[in-house]
Amino acid sequence: MKKSQHLPERIKKVWKINALLSLVVGSVMCAVIYWVVDHFDGPGWINYIAWTLVLLDFAVELLIIPYRYRFWLYQITTTDVEIESGFFLHKQTAIPISRIQNVTLQAGPLFQLFHLQSVKIETAAAAHEIAGVLPESAVQLKQRLMELTQEEDVNAS
């Protein structure tokens, strides 16, 4: 894999559902705040601030989905795994093949619903994740990484 890869389009739906779940959790928290303020005669403006923050968070999460998708890339070369994300807060991570200790495939309930998986790449120092790839791609990534690490081990010996 020489070319940088985007995540599949399905990941956008997962991100939208995550934003919606954030809204639900925020709404429950606002209801609790409302009850506490009402029950203990607190200042009513706290409710407005809480709802404003929850709605602002929801709007921002929805608005950044195209941005997140556009600027989230990964690439596997013979020497490293490169993960790149963000434009304003640009982050590039290079994981040397020789440092990889474990590669794990995971899929939570939302990922299973949309037939996606996460590829978790572990080194001695940290764990990195390529979240939201197609299951076939995830298996290929894992196999390719394991082949490269075995080749690296043979070459190091």
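We use all heavy atoms of the structure for the numbers below, so side chains are in, but hydrogens, waters and symmetry mates are not.
- For the atom pair E151 CD and M146 CE, the distance stands at 12.0 Å (nearest 0.5 Å).
- Residues satisfying the side-chain contact (heavy atoms from CB on, under 4.5 Å) test with Y67, not counting sequence neighbours, are I64, F71, F87, F88.
- Residues meeting the side chain to side chain donor-acceptor pair (under 3.5 Å) test with S118, sequence neighbours left out: E129.
- For the atom pair NZ of K91 and OG of S85, the computed distance is 6.0 Å after rounding to the nearest 0.5 Å.
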N/O donor to acceptor pairs below 3.5 angstrom from side-chain atoms of residues 20-41, sequence neighbours left out:
residue : atom : partner : partner atom : Å
S22     : OG   : E61     : OE2          : 3.1
S27     : OG   : L23     : O            : 2.8

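- Evaluation of the side-chain contact (heavy atoms from CB on, under 4.5 Å) rule for A126 yields T123, H128 as partners, not counting sequence neighbours.
- In this structure, the ring pair (Phe, Tyr, Trp, His ring centres under 6.0 Å) partners of H6, at least two apart in sequence or on a different chain, are Y69.
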Can you give me every donor-acceptor pair (side chain of residues 96-117, partner residue at least two apart or in another chain, under 3.5 Å) with its distance?
residue : atom : partner : partner atom : Å
N102    : ND2  : T104    : OG1          : 3.3
Q112    : NE2  : A107    : O            : 2.8

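- Of the inter-residue distances, the one linking I130 atom CD1 with Q75 atom CD reads 11.0 Å to the nearest 0.5 angstrom.
- Counting only heavy atoms from C-beta outward, the side chains of T78 and R144 approach each other to under 4.5 Å.
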Report the C-alpha separation of I76 and L148 in whole Å, then their side-chain angles, then the decisive distance to 0.1 Å, and conclude whether the side-chain contact (heavy atoms from CB on, under 4.5 Å) test is met.
-> CA-CA 10 Å; I76 297 177; L148 289 170; 3.8 Å; yes

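- Chaining together hydrophobic side chains whose heavy atoms lie under 4.5 Å apart leaves L89 on its own.
- Under the ring pair (Phe, Tyr, Trp, His ring centres under 6.0 Å) criterion, F58 pairs with no residue, sequence neighbours left out.
- Considering only heavy atoms from C-beta on, V119 stays 4.5 Å or farther from Y74 through its side chain.
- Side-chain contact between I83 and L73 is absent, with no heavy-atom pair separated by less than 4.5 Å.
- Counting only residues at least two apart or in different chains, salt bridge (Lys or Arg N to Asp or Glu O under 4.0 Å) contacts with residues 77-86 are absent.
- Taken from NZ in K16 to NZ in K13, the straight-line distance is 8.0 Å, to the nearest 0.5 Å.
- Within the 4.5 Å cutoff, the side chain of R10 has heavy atoms near those of the L134 side chain.
- A 4.5 Å side-chain heavy-atom check between L53 and I49 finds at least one atom pair inside the cut-off.
- Residues satisfying the side chain to side chain donor-acceptor pair (under 3.5 Å) criterion with K12, sequence neighbours excluded, are E9.
- If you chain together hydrophobic residues whose side chains sit under 4.5 Å apart, Y48 and V54 never meet in one group.
- Under a hydrophobic clustering in which Ile, Leu, Val, Met, Phe, Trp and Tyr are joined whenever their side-chain heavy atoms come within less than 4.5 Å, directly or via other members, I17 and V133 fall into the same cluster.
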